[in-house]
Amino acid sequence: MAATPPLQSSSSSTAPRKNLSYYSYIYNNKCPQLPSLLFKTKSQTTISIRIRCDAQNWSAGYVSAATNHHLHSIQNSSPSPSSFSIPSASSSSSESSPSKKVCLFYCAETKPLAQRIAAESDSIELRSISWRTFDDGFPNLFIPNAQGIRGQHVAFLASFSSPKVIFEQLSIIYALPKLFISSFTLVLPFFPTGTSERMEDEGDVATAFTLARILSHIPTSRGGPTSLVTFDIHALQERFYFGDNILPCFESGIPLLKNRLQELPDSDKIAIAFPDDGAWKRFHKQLQHFPTIICAKVREGDQRIVRIKEGDPRGRHVVIVDDLVQSGGTLVECQKILANHGAAKISAYVTHGIFPNRSWERFESDNGVTKPSSLCM
(Lines give C-alpha, C1' and ligand atoms only; values in the text may rest on other atoms or scores of the structure.)
Protein backbone atom coordinates (compact mmCIF):
# COMPACT_ATOMS: atom_id res chain seq x y z
CA MET A 1 0.00 0.00 0.00
CA ALA A 2 1.37 3.39 -0.93
CA ALA A 3 2.14 5.80 1.85
CA THR A 4 -0.43 8.54 2.46
CA PRO A 5 0.82 11.87 1.01
CA PRO A 6 1.30 14.77 3.43
CA LEU A 7 -1.64 17.08 4.07
CA GLN A 8 -1.53 20.57 2.66
CA SER A 9 -3.83 23.43 3.57
CA SER A 10 -5.70 25.08 0.69
CA SER A 11 -6.78 28.01 2.82
CA SER A 12 -4.85 30.49 4.90
CA SER A 13 -7.62 30.67 7.47
CA THR A 14 -7.24 28.87 10.74
CA ALA A 15 -9.47 25.85 11.21
CA PRO A 16 -11.85 26.06 14.23
CA ARG A 17 -10.27 23.19 16.11
CA LYS A 18 -10.66 24.40 19.72
CA ASN A 19 -13.56 23.29 21.90
CA LEU A 20 -14.95 20.80 19.36
CA SER A 21 -16.89 17.82 20.68
CA TYR A 22 -18.00 14.85 18.57
CA TYR A 23 -21.66 15.21 17.69
CA SER A 24 -22.74 12.81 14.96
CA TYR A 25 -21.58 10.95 11.88
CA ILE A 26 -23.56 10.86 8.65
CA TYR A 27 -22.75 8.32 5.98
CA ASN A 28 -24.45 8.27 2.59
CA ASN A 29 -24.96 4.66 1.50
CA LYS A 30 -25.77 5.72 -2.03
CA CYS A 31 -22.60 7.75 -2.37
CA PRO A 32 -20.00 6.43 0.09
CA GLN A 33 -17.43 8.86 -1.30
CA LEU A 34 -19.28 11.78 0.34
CA PRO A 35 -19.41 11.19 4.09
CA SER A 36 -19.71 14.09 6.53
CA LEU A 37 -18.92 14.66 10.18
CA LEU A 38 -20.99 17.07 12.27
CA PHE A 39 -19.50 18.80 15.30
CA LYS A 40 -20.89 21.27 17.79
CA THR A 41 -18.75 23.86 19.50
CA LYS A 42 -19.32 24.98 23.09
CA SER A 43 -21.15 28.01 21.66
CA GLN A 44 -23.62 25.53 20.03
CA THR A 45 -22.43 26.41 16.51
CA THR A 46 -22.72 23.35 14.26
CA ILE A 47 -19.80 22.67 11.92
CA SER A 48 -19.80 20.04 9.18
CA ILE A 49 -16.64 18.29 8.00
CA ARG A 50 -17.20 17.03 4.47
CA ILE A 51 -14.89 14.49 2.86
CA ARG A 52 -14.80 13.86 -0.87
CA CYS A 53 -12.64 11.48 -2.85
CA ASP A 54 -12.37 9.66 -6.13
CA ALA A 55 -9.89 7.19 -7.53
CA GLN A 56 -7.13 9.78 -7.69
CA ASN A 57 -7.88 12.65 -5.31
CA TRP A 58 -9.48 13.39 -1.96
CA SER A 59 -10.25 16.49 0.07
CA ALA A 60 -11.84 17.42 3.40
CA GLY A 61 -13.27 20.76 4.51
CA TYR A 62 -14.92 22.55 7.42
CA VAL A 63 -18.29 24.09 6.52
CA SER A 64 -20.66 26.02 8.77
CA ALA A 65 -23.93 24.06 8.84
CA ALA A 66 -25.94 27.22 9.50
CA THR A 67 -24.57 29.40 6.69
CA ASN A 68 -22.96 26.77 4.43
CA HIS A 69 -19.89 29.04 4.54
CA HIS A 70 -16.58 27.33 3.71
CA LEU A 71 -14.14 27.72 6.58
CA HIS A 72 -11.09 25.56 5.83
CA SER A 73 -10.04 22.60 3.71
CA ILE A 74 -7.17 20.18 3.26
CA GLN A 75 -6.32 17.95 0.30
CA ASN A 76 -3.73 15.47 -0.87
CA SER A 77 -0.63 17.01 -2.43
CA SER A 78 -0.27 14.66 -5.40
CA PRO A 79 -2.67 12.75 -7.68
CA SER A 80 -1.89 9.34 -6.25
CA PRO A 81 -4.12 6.81 -4.51
CA SER A 82 -4.49 7.35 -0.81
CA SER A 83 -6.32 5.83 2.06
CA PHE A 84 -7.94 7.27 5.13
CA SER A 85 -10.06 5.96 7.96
CA ILE A 86 -13.51 7.07 9.08
CA PRO A 87 -14.56 6.68 12.74
CA SER A 88 -17.31 4.22 13.41
CA ALA A 89 -20.71 5.44 14.57
CA SER A 90 -19.99 4.19 18.08
CA SER A 91 -16.74 6.13 18.46
CA SER A 92 -16.47 9.07 20.85
CA SER A 93 -13.93 11.81 21.45
CA SER A 94 -14.28 11.17 25.16
CA GLU A 95 -12.37 7.94 24.68
CA SER A 96 -8.94 8.28 26.24
CA SER A 97 -5.85 6.21 25.87
CA PRO A 98 -5.25 3.73 28.68
CA SER A 99 -3.27 5.06 31.62
CA LYS A 100 0.43 4.34 31.48
CA LYS A 101 1.48 1.50 33.73
CA VAL A 102 4.89 1.72 35.38
CA CYS A 103 6.76 -1.27 36.78
CA LEU A 104 8.66 0.04 39.80
CA PHE A 105 11.68 -1.93 41.01
CA TYR A 106 13.52 -1.10 44.22
CA CYS A 107 16.46 -2.08 46.40
CA ALA A 108 16.30 -3.14 50.04
CA GLU A 109 16.79 0.39 51.39
CA THR A 110 14.07 1.94 49.25
CA LYS A 111 11.41 -0.77 49.70
CA PRO A 112 9.34 1.20 52.28
CA LEU A 113 9.42 4.30 50.07
CA ALA A 114 8.48 2.28 46.98
CA GLN A 115 5.50 0.81 48.82
CA ARG A 116 4.32 4.28 49.82
CA ILE A 117 4.66 5.50 46.24
CA ALA A 118 2.71 2.53 44.85
CA ALA A 119 -0.06 3.11 47.40
CA GLU A 120 -0.60 6.59 45.95
CA SER A 121 -1.28 5.46 42.37
CA ASP A 122 -3.05 2.57 40.66
CA SER A 123 -0.77 2.95 37.64
CA ILE A 124 2.34 1.80 39.54
CA GLU A 125 3.06 -1.91 39.89
CA LEU A 126 5.73 -2.97 42.36
CA ARG A 127 8.22 -5.54 41.08
CA SER A 128 10.81 -7.23 43.27
CA ILE A 129 14.39 -8.34 42.67
CA SER A 130 16.19 -11.24 44.29
CA TRP A 131 19.24 -9.69 46.00
CA ARG A 132 21.58 -12.55 46.84
CA THR A 133 25.34 -12.98 47.13
CA PHE A 134 27.74 -15.74 46.26
CA ASP A 135 30.05 -17.20 48.88
CA ASP A 136 32.79 -14.78 47.85
CA GLY A 137 30.51 -11.82 48.55
CA PHE A 138 29.84 -10.75 44.97
CA PRO A 139 26.22 -10.18 43.92
CA ASN A 140 24.02 -13.06 42.76
CA LEU A 141 21.06 -11.18 41.30
CA PHE A 142 17.85 -12.32 39.64
CA ILE A 143 14.93 -10.41 38.09
CA PRO A 144 11.78 -12.58 38.43
CA ASN A 145 9.43 -12.82 35.43
CA ALA A 146 11.78 -10.75 33.26
CA GLN A 147 9.70 -11.48 30.15
CA GLY A 148 6.66 -9.97 31.87
CA ILE A 149 8.05 -6.45 31.66
CA ARG A 150 8.57 -6.47 27.90
CA GLY A 151 6.95 -3.41 26.38
CA GLN A 152 6.39 -1.85 29.82
CA HIS A 153 7.57 1.45 31.26
CA VAL A 154 10.08 0.59 33.97
CA ALA A 155 11.57 2.61 36.83
CA PHE A 156 14.15 1.73 39.46
CA LEU A 157 14.24 3.46 42.86
CA ALA A 158 17.90 3.44 43.86
CA SER A 159 19.88 4.37 46.97
CA PHE A 160 23.63 4.83 46.64
CA SER A 161 24.04 5.20 50.40
CA SER A 162 27.47 3.54 50.52
CA PRO A 163 30.05 2.33 47.99
CA LYS A 164 29.38 -1.33 48.81
CA VAL A 165 25.78 -1.22 47.49
CA ILE A 166 26.47 0.76 44.33
CA PHE A 167 27.86 -2.13 42.27
CA GLU A 168 24.93 -4.49 42.80
CA GLN A 169 22.42 -1.75 41.98
CA LEU A 170 24.36 -0.71 38.89
CA SER A 171 24.18 -4.32 37.72
CA ILE A 172 20.37 -4.16 37.85
CA ILE A 173 20.30 -0.66 36.35
CA TYR A 174 22.34 -1.83 33.39
CA ALA A 175 20.24 -5.00 32.94
CA LEU A 176 16.69 -3.60 32.99
CA PRO A 177 16.85 -1.50 29.77
CA LYS A 178 17.98 -4.58 27.82
CA LEU A 179 14.76 -6.48 28.61
CA PHE A 180 12.91 -4.92 25.65
CA ILE A 181 11.11 -2.35 27.79
CA SER A 182 9.41 0.78 26.44
CA SER A 183 11.30 3.24 28.64
CA PHE A 184 13.55 3.31 31.68
CA THR A 185 13.69 5.86 34.49
CA LEU A 186 16.27 5.81 37.26
CA VAL A 187 15.14 7.59 40.42
CA LEU A 188 18.20 8.41 42.51
CA PRO A 189 16.98 10.82 45.22
CA PHE A 190 20.49 11.59 46.50
CA PHE A 191 23.51 11.96 44.22
CA PRO A 192 26.13 10.99 46.81
CA THR A 193 29.30 12.37 45.20
CA GLY A 194 27.75 15.74 44.39
CA THR A 195 29.96 17.65 46.82
CA SER A 196 33.10 16.41 45.04
CA GLU A 197 32.32 18.36 41.91
CA ARG A 198 35.48 20.46 41.49
CA MET A 199 39.26 20.42 41.83
CA GLU A 200 41.00 22.80 44.19
CA ASP A 201 44.49 21.36 43.72
CA GLU A 202 46.25 19.34 41.06
CA GLY A 203 45.60 15.67 41.83
CA ASP A 204 42.09 16.15 43.27
CA VAL A 205 39.60 13.68 41.78
CA ALA A 206 36.10 15.01 41.08
CA THR A 207 34.14 11.84 41.88
CA ALA A 208 30.88 13.59 40.92
CA PHE A 209 32.14 13.43 37.34
CA THR A 210 33.09 9.76 37.75
CA LEU A 211 29.63 8.70 38.91
CA ALA A 212 27.96 10.84 36.26
CA ARG A 213 29.97 9.11 33.54
CA ILE A 214 29.11 5.66 34.90
CA LEU A 215 25.40 6.49 34.78
CA SER A 216 25.81 7.99 31.30
CA HIS A 217 26.66 4.53 29.95
CA ILE A 218 23.38 2.89 30.98
CA PRO A 219 22.11 1.03 27.87
CA THR A 220 19.30 2.69 25.97
CA SER A 221 15.85 1.13 26.02
CA ARG A 222 13.34 0.96 23.16
CA GLY A 223 12.17 4.44 24.17
CA GLY A 224 15.62 5.98 24.03
CA PRO A 225 18.03 7.25 26.69
CA THR A 226 17.48 6.66 30.40
CA SER A 227 15.79 9.42 32.40
CA LEU A 228 17.58 10.20 35.67
CA VAL A 229 15.59 11.92 38.43
CA THR A 230 17.53 13.28 41.40
CA PHE A 231 16.72 15.86 44.07
CA ASP A 232 18.68 18.97 45.02
CA ILE A 233 21.99 17.96 43.52
CA HIS A 234 24.76 19.95 45.18
CA ALA A 235 25.67 22.05 42.12
CA LEU A 236 23.51 22.63 39.07
CA GLN A 237 26.54 22.69 36.76
CA GLU A 238 26.91 18.95 37.40
CA ARG A 239 24.29 18.54 34.70
CA PHE A 240 27.13 18.94 32.20
CA TYR A 241 29.02 15.98 33.68
CA PHE A 242 26.46 13.63 32.13
CA GLY A 243 26.75 12.30 28.60
CA ASP A 244 24.18 12.23 25.81
CA ASN A 245 22.87 8.74 26.65
CA ILE A 246 21.12 9.90 29.82
CA LEU A 247 18.59 12.68 30.47
CA PRO A 248 19.14 14.18 33.95
CA CYS A 249 16.06 15.73 35.56
CA PHE A 250 16.96 17.85 38.61
CA GLU A 251 14.04 18.11 41.02
CA SER A 252 13.88 19.91 44.37
CA GLY A 253 12.41 19.35 47.81
CA ILE A 254 11.94 23.09 48.36
CA PRO A 255 8.26 23.07 47.24
CA LEU A 256 7.57 20.61 50.08
CA LEU A 257 9.31 22.97 52.50
CA LYS A 258 7.23 25.91 51.31
CA ASN A 259 4.02 23.94 51.81
CA ARG A 260 5.12 23.01 55.32
CA LEU A 261 6.02 26.59 56.22
CA GLN A 262 2.61 27.82 55.10
CA GLU A 263 0.99 25.41 57.56
CA LEU A 264 2.91 26.76 60.57
CA PRO A 265 1.02 29.04 63.00
CA ASP A 266 3.80 31.66 62.77
CA SER A 267 4.11 31.53 58.99
CA ASP A 268 3.97 35.33 58.84
CA LYS A 269 7.17 35.56 60.90
CA ILE A 270 9.28 33.12 58.87
CA ALA A 271 12.73 34.17 57.65
CA ILE A 272 15.09 31.98 55.62
CA ALA A 273 18.76 31.74 56.58
CA PHE A 274 21.45 30.34 54.30
CA PRO A 275 24.60 28.99 55.99
CA ASP A 276 26.87 30.22 53.18
CA ASP A 277 26.87 31.90 49.79
CA GLY A 278 26.65 28.53 48.03
CA ALA A 279 23.32 27.70 49.65
CA TRP A 280 22.03 31.20 48.84
CA LYS A 281 22.95 30.81 45.16
CA ARG A 282 21.33 27.37 45.08
CA PHE A 283 17.96 28.20 46.67
CA HIS A 284 17.28 31.93 47.03
CA LYS A 285 15.19 32.20 43.85
CA GLN A 286 12.80 29.54 45.10
CA LEU A 287 12.44 31.29 48.48
CA GLN A 288 12.60 34.92 47.41
CA HIS A 289 9.22 35.77 48.98
CA PHE A 290 10.67 35.31 52.48
CA PRO A 291 13.01 37.68 54.32
CA THR A 292 16.55 36.44 53.80
CA ILE A 293 19.53 36.09 56.10
CA ILE A 294 22.93 35.09 54.74
CA CYS A 295 25.61 33.67 56.99
CA ALA A 296 29.27 33.29 56.13
CA LYS A 297 32.39 31.72 57.59
CA VAL A 298 35.17 34.18 58.36
CA ARG A 299 38.66 33.45 59.59
CA GLU A 300 39.71 34.84 62.96
CA GLY A 301 43.23 33.72 63.75
CA ASP A 302 43.32 29.95 63.37
CA GLN A 303 39.53 29.57 63.60
CA ARG A 304 36.72 29.85 61.07
CA ILE A 305 33.74 31.51 62.73
CA VAL A 306 30.19 31.91 61.39
CA ARG A 307 28.97 35.49 61.09
CA ILE A 308 25.78 37.09 59.77
CA LYS A 309 26.66 38.68 56.46
CA GLU A 310 23.24 40.07 55.58
CA GLY A 311 19.74 40.24 57.13
CA ASP A 312 18.14 40.66 60.56
CA PRO A 313 16.81 37.64 62.52
CA ARG A 314 15.31 39.62 65.44
CA GLY A 315 11.86 38.33 66.41
CA ARG A 316 11.76 35.90 63.51
CA HIS A 317 11.25 32.17 63.23
CA VAL A 318 14.42 31.50 61.24
CA VAL A 319 14.63 28.39 59.06
CA ILE A 320 18.16 27.44 57.99
CA VAL A 321 18.06 25.91 54.49
CA ASP A 322 20.72 23.81 52.77
CA ASP A 323 20.87 20.90 50.34
CA LEU A 324 22.53 18.43 52.71
CA VAL A 325 24.04 18.05 56.15
CA GLN A 326 26.95 15.82 57.12
CA SER A 327 28.10 16.22 60.73
CA GLY A 328 25.87 19.26 61.32
CA GLY A 329 28.65 21.48 62.65
CA THR A 330 27.76 24.40 60.37
CA LEU A 331 24.08 24.23 61.34
CA VAL A 332 24.95 24.35 65.03
CA GLU A 333 27.21 27.37 64.54
CA CYS A 334 24.51 29.14 62.53
CA GLN A 335 21.99 28.43 65.27
CA LYS A 336 24.22 30.00 67.87
CA ILE A 337 24.84 33.22 65.96
CA LEU A 338 21.17 33.59 65.00
CA ALA A 339 20.08 33.10 68.60
CA ASN A 340 22.61 35.71 69.76
CA HIS A 341 21.07 38.19 67.31
CA GLY A 342 17.54 37.80 68.64
CA ALA A 343 15.90 35.04 66.61
CA ALA A 344 12.67 33.97 68.35
CA LYS A 345 12.87 30.39 67.06
CA ILE A 346 15.31 28.48 64.90
CA SER A 347 14.64 25.44 62.70
CA ALA A 348 16.65 23.71 60.02
CA TYR A 349 15.71 22.12 56.71
CA VAL A 350 17.96 20.01 54.52
CA THR A 351 16.89 17.79 51.65
CA HIS A 352 19.49 15.12 52.43
CA GLY A 353 20.37 14.34 56.04
CA ILE A 354 23.51 12.18 55.92
CA PHE A 355 24.58 12.30 59.60
CA PRO A 356 27.49 9.80 59.57
CA ASN A 357 28.73 8.31 62.84
CA ARG A 358 25.47 9.10 64.70
CA SER A 359 26.11 12.81 64.31
CA TRP A 360 22.36 13.50 64.52
CA GLU A 361 22.71 13.11 68.29
CA ARG A 362 24.14 16.61 68.56
CA PHE A 363 20.69 17.95 67.61
CA GLU A 364 18.96 16.22 70.51
CA SER A 365 18.12 18.38 73.53
CA ASP A 366 20.16 17.80 76.64
CA ASN A 367 20.52 19.70 79.91
CA GLY A 368 17.94 22.22 78.78
CA VAL A 369 20.13 23.52 75.96
CA THR A 370 18.08 24.64 72.96
CA LYS A 371 19.20 23.17 69.66
CA PRO A 372 17.74 23.66 66.19
CA SER A 373 14.62 21.60 65.63
CA SER A 374 14.68 19.46 62.52
CA LEU A 375 12.46 19.70 59.46
CA CYS A 376 14.73 17.33 57.53
CA MET A 377 13.28 15.12 54.83
Side-chain angles (χ1 to χ4, degrees), residues 102 104-110 113-114 129 131 138-139 141 153-179 181-255 276-283 285-286 322-326 350-356 377:
V102 177
L104 178 60
F105 291 87
Y106 52 87
C107 62
E109 292 183 19
T110 59
L113 178 58
I129 296 171
W131 303 90
F138 278 87
L141 308 172
H153 299 280
V154 174
F156 180 73
L157 183 57
S159 175
F160 290 177
S161 58
S162 67
K164 66 180 181 180
V165 301
I166 292 179
F167 178 71
E168 63 181 11
Q169 292 184 51
L170 283 175
S171 300
I172 294 295
I173 291 167
Y174 272 55
L176 286 173
K178 293 184 175 182
L179 295 178
I181 60 178
S182 291
S183 67
F184 182 59
T185 300
L186 172 61
V187 183
L188 182 64
F190 175 51
F191 192 77
T193 60
T195 54
S196 300
E197 85 283 9
R198 61 183 183 272
M199 295 175 57
E200 295 182 354
D201 193 8
E202 186 67 31
D204 287 341
V205 177
T207 53
F209 179 81
T210 306
L211 183 56
R213 298 306 296 174
I214 291 174
L215 296 178
S216 297
H217 286 83
I218 297 173
T220 57
S221 65
R222 289 174 57 196
T226 294
S227 298
L228 168 67
V229 181
T230 191
F231 286 80
D232 289 324
I233 197 166
H234 185 66
L236 291 177
Q237 63 265 27
E238 293 177 49
R239 173 185 302 277
F240 304 106
Y241 291 175
F242 295 90
D244 295 336
N245 286 334
I246 193 166
L247 305 175
C249 176
F250 291 170
E251 296 288 355
S252 177
I254 296 299
D276 51 41
D277 287 332
W280 177 82
K281 292 178 182 178
R282 186 71 177 81
F283 296 119
K285 290 185 178 179
Q286 299 182 68
D322 208 350
D323 61 322
L324 63 89
V325 58
Q326 292 278 357
V350 295
T351 304
H352 307 290
I354 311 304
F355 298 119
M377 290 180 62

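Everything numeric here is computed off the predicted structure, so don't read it as measured data.
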Partners passing side-chain contact (heavy atoms from CB on, under 4.5 Å) against [X] (at least two apart in sequence or in another chain):
X	value
Glu109	Cys107, Ser159, Ser161, Val165
Ala155	Val102, Leu104, Thr185
Pro356	Gln326, Ile354, Ser359

For [X] and [Y], work out which heavy atoms get closest and say how close.
X	Y	answer
Leu215	Phe191	CD1-CE1, 4.1 Å
Ala158	Leu186	CB-CD1, 3.9 Å
Gly253	Asp232	N-OD2, 3.0 Å
Ile254	Gln286	CB-OE1, 3.4 Å
Ser162	Ile166	O-CG1, 3.5 Å

Atom pair [atom1]/[atom2] of [X] and [Y] - distance to nearest 0.5 Å:
X	Y	atom1	atom2	value
Arg222	Leu179	CZ	CG	12.0 Å
Ile218	Leu176	CD1	CG	10.0 Å
Arg239	Leu228	CZ	CG	10.0 Å
Leu247	Phe242	CG	CZ	11.0 Å

Donor-acceptor pair, [X] side chain versus [Y] backbone, under 3.5 Å?
X	Y	result
Glu238	Ala235	yes
His352	Phe231	yes
Tyr241	Glu197	yes

Measuring only between side-chain heavy atoms, which start at C-beta, is [X] closer than 4.5 Å to [Y]?
X	Y	result
Tyr174	Pro219	yes
Phe156	Val187	no
Thr193	Phe160	no
Leu324	Val350	no
Trp131	Gln169	yes
Phe105	Leu157	no

Side-chain donor-acceptor pair present, Ser216, Asn245, cut-off under 3.5 Å: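 Ser216 vs Asn245: no donor-acceptor pair found between side chains.
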Any side-chain donor near an acceptor of the partner, Ser183 and His153, under 3.5 Å: yes
Show me the donor-acceptor pairs within less than 3.5 Å that the side chains of residues 203-214 make with the rest of the protein, sequence neighbours left out.
from	atom 1	to	atom 2	distance (Å)
Asp204	OD2	Glu200	N	3.1
Asp204	OD2	Asp201	N	2.9

Checking Thr230 against Phe190 for the side-chain contact (heavy atoms from CB on, under 4.5 Å) test, could you report, in this order, the C-alpha distance in whole Å, the side-chain angles of both residues, the deciding distance, and whether it holds? CA-CA 6 Å; Thr230 191; Phe190 175 51; 5.9 Å; no
Test side-chain contact (heavy atoms from CB on, under 4.5 Å) on Arg282 and Ile233 and set out the steps. CA-CA 10 Å; Arg282 186 71 177 81; Ile233 197 166; 4.1 Å; yes
Ring-plane angle category for Phe138 and Phe167, please: parallel below 30°, perpendicular beyond 60°, tilted otherwise.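 The arrangement is perpendicular - the two ring planes meet at more than 60°.
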My understanding is that only residues two or more places apart in sequence, or in another chain, count here; which of them pass side-chain hydrogen bond (donor to acceptor under 3.5 Å, both in side chains) with Asp323?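 Partners of Asp323 under the side-chain hydrogen bond (donor to acceptor under 3.5 Å, both in side chains) test: His234.
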Taking side-chain hydrogen bond (donor to acceptor under 3.5 Å, both in side chains) as the test, write out the residues that go with Ser227, two or more places apart. none
